[in-house]
Amino acid sequence: MELYKIMIVDDEEEVRKAIVKKMDWEGLGFEVVADAENGIDALEKAENLDLDVILTDIKMPFMDGLELGRVLQEKHSPIKLIVFSGFDEFEYAKEAIRLNVIEYVLKPVNAEELGQVLARVKGELDTMMAENRSLERLKKSYEEMLPMIRERFLTDFVRGLFEEGDVEGHLEELQIPGREKRFHLAAVARVGRPPEGNRTTREQEMLRISAGKFLEEQLLPEFVPVIWTYKTYLILIVSMDEEQEASVLLDILESACRKCQRIFGVSLTVGLGGTGEGYERIPESYREAFSALEYRAILGSGRAICYQDVDDSVSVPVCFGGEEAALLTKAATFGGGEEEKIRAAVETIVEKAEETDALARNEQLYMIGLLNTVTQIVEKYGLSMEQAVGHGGNYLELITAFQSAGELSGWLFDTCMNLSRAIEEKRAATTRNTVDEAREYIEKNYADPGLSVDRLCQELHLSPSYFSTIFKQETGSSYVNYLTEVRLAKAVELLQTTEDKTYLIASKVGYPEANYFSYVFKKRFGISPTKYRNR
């Protein structure tokens, strides 16, 4: 069982050692991971420790136990606080109760009494952990989210964003119907606007859902349909026993389209992809279904259009669509070290271009769409077209530059890699600039005792958690340690170049309490400020 982490805080080292020695911490379910001399020392150490409990004395120099409790309360820290003090400190006890201190122990600390206190604290922690990890709660949350999880999986699945080996497990886990059937196809349906044309977005969505329910009723029980909405479309996966049943399916969908017009007063147009044995072909069937749906402008709405029945001689414009644009944007914003992911994304884009014969059928329209997406990425991250595509930044010559999918693939991979590296450099530069601003602000304001990380983040308009992460990445030090080093460096400079008294130097470098300044100085350099000056 994992032990709860505890820190012991007392200004007397002997007391800390005695408490550590007299208790069977592991037997009580705890692990002492640190000790501290006062509240300030405790806060600094707690910054890098995932603590569950702090056991602290009340009376200590620089920051007492109750002030420590107040700071933790202000930070909304989940750390539980146990305080101990003498019999003559009743006022402290009342304040401790006001601060919602979990337990209060009288000095001298008795091992049996402290053991009982820790047992109660452990019981509360166990209860809290049990509630957080409650399988029943997780199950309920999962069940509530299941429809959304299923739709997200199905959308990613038909778009070809899953490896083949991952699909079957997800289908079973999410209880997707139709797994017992051999043959499957994808279809895409579009619900037209009502005649009055003034339906709200919510009403349009409800209309799509109603049409989806209606389609499901029409297809059952002959077929097993899975239907969900994606953007402005209805997406269908239809499962069947025999491939020949696809003709029956087409008849049912044709009839459903006609009925939809009479019942809902809107046109329903369905594009069907090709049938395949097993689930592996569904992403391809999905792309075919969208291609079939494009013919509604030529063949008319309010009907079912089968991809295999469309006359290849009818020319439908081929363009660089929303899915390709999303995939390209994702590839370009991968980190520079994600070369394989970028290559896989490019291959998916080029494979779709090959399937639709985009370069041969309408190269210019396709390339304009592709380059428009590149331009949007360039503008969003403040880059230059030269960084992205080369050719002196003049991308117009690229519109007719590629005669084959292989040429397009090579150029697109290089472009995505260029964008990825440039974006990564931009992000790194932004991080460095932010940390440089922080260093400059610290340099100007180190003498202010109230210079906290929260105050600094307000000035920089950053969240403390994000700032703490990037600051440590760039400097190798936490904010508190960095500020302490700056202040002590300034103190050393003043000790060597002025005759100022120690208390005056302390105030000049951000320590209004001279004794605490001496404590921090000695902890860092091993000697007091006075001895440092006279050595």
K.L.:
In plain terms, say whether R421 and E424 are close enough for a salt bridge, that is, a side-chain N and a carboxylate O under 4.0 Å apart.
P.N.:
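No.
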K.L.:
Got V226 and V238 here, is their nearest side-chain heavy-atom distance under 4.5 Å?
P.N.:
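No. Closest side-chain heavy atoms not under 4.5 Å.
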K.L.:
Indicate yes or no: at least one non-hydrogen side-chain atom of L272 is less than 4.5 angstrom from one of I305.
P.N.:
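A side-chain contact is absent here, since even the closest heavy-atom pair is not under 4.5 Å.
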K.L.:
Describe, in one word, how the ring planes of Y279 and F157 are oriented to each other, choosing from parallel (under 30°), tilted (30 to 60°) and perpendicular (over 60°).
P.N.:
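The arrangement is tilted - the two ring planes meet at 30° to 60°.
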K.L.:
May I ask you to decide if the ring planes of F467 and Y479 are parallel, tilted or perpendicular, using 30° and 60° as cut-offs?
P.N.:
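It falls in the perpendicular class, over 60°.
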K.L.:
Find out whether K80 and L125 are in side-chain contact, i.e. whether some heavy atom of one side chain is under 4.5 Å from a heavy atom of the other.
P.N.:
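Sidechains of L125 and K80: in contact.
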K.L.:
Salt bridge or not between E284 and R287? Use side-chain N to carboxylate O under 4.0 Å.
P.N.:
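Salt bridge between E284 and R287, a charged N being under 4.0 Å from a carboxylate O: no.
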K.L.:
With distance as the sole test, does T269 use its side chain to make a donor-acceptor pair with the main-chain N or O of G302 at under 3.5 Å?
P.N.:
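The answer is yes, because a donor-acceptor pair under 3.5 Å joins these two groups.
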K.L.:
Does R182 offer a backbone N or O that forms a donor-acceptor pair with the side chain of E277 under 3.5 Å?
P.N.:
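It does not hold such a pair.
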K.L.:
Within the structure provided, determine whether L370 and L408 are in side-chain contact (heavy-atom separation under 4.5 Å).
P.N.:
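A side-chain contact under 4.5 Å exists here.
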K.L.:
With respect to S239, which candidate in R179, K181, H184 satisfies the side chain to side chain donor-acceptor pair (under 3.5 Å) definition?
P.N.:
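The side chain to side chain donor-acceptor pair (under 3.5 Å) with S239 is passed solely by H184 among R179, K181, H184.
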K.L.:
Any salt bridge linking E217 with K259? Criterion: basic side-chain nitrogen under 4.0 Å from a carboxylate oxygen.
P.N.:
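K259 and E217: not salt-bridged.
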K.L.:
Within the distance-only criterion (no hydrogens, no angle test), does the side chain of R281 pair as donor or acceptor with the backbone N or O of G274 below 3.5 angstrom?
P.N.:
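Yes; judged by distance alone, with no hydrogens or angles, the pair exists.
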K.L.:
Within the 4.5 Å heavy-atom criterion, are T127 and M129 side-chain neighbours or not?
P.N.:
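Result no, sub-4.5 Å side-chain heavy-atom pair not found.
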K.L.:
Indicate, with yes or no, if the rings of F290 and Y233 have centres closer together than 6.0 Å.
P.N.:
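Yes; Y233 has its ring centre under 6.0 Å from that of F290.
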K.L.:
Is NZ or CZ of R343 both nearer than 6.0 Å to the six-membered ring centre of F413 and within 45° of the ring axis?
P.N.:
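Flagged: R343 positioned over aromatic ring of F413.
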K.L.:
With a 3.5 Å distance limit and no angle check, can you tell me whether S420 reaches the backbone of C416 through a side-chain donor-acceptor pair?
P.N.:
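The answer is no, because no donor-acceptor pair under 3.5 Å joins these two groups.
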K.L.:
I'd like to check L3 versus F30 (side-chain heavy atoms, cut-off strictly below 4.5 Å). Are they in contact?
P.N.:
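Sidechains of F30 and L3: no contact.
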K.L.:
Can you check whether T373 reaches T329 side chain to side chain, under 4.5 Å on heavy atoms?
P.N.:
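T373 reaches T329 side chain to side chain.
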K.L.:
Could E31 and K5 be called an ion pair, given the rule that one side-chain N must be under 4.0 Å from one carboxylate O?
P.N.:
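Between K5 and E31 there is no salt bridge, as every charged N stays at least 4.0 Å from the carboxylate O atoms.
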K.L.:
Under a 3.5 Å distance rule, please check whether S285 uses its side chain to pair with a backbone N or O of A186 as donor and acceptor.
P.N.:
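The answer is yes, because a donor-acceptor pair under 3.5 Å joins these two groups.
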K.L.:
Considering only heavy atoms from C-beta outward, does the side chain of L81 approach that of V53 to under 4.5 Å?
P.N.:
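No, their side chains stay 4.5 Å or more apart.
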K.L.:
Between D126 and Y4, do the side chains contain a donor N or O and an acceptor N or O under 3.5 Å apart?
P.N.:
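Per modelled atom types, Y4 and D126 side chains form a pair under 3.5 Å.
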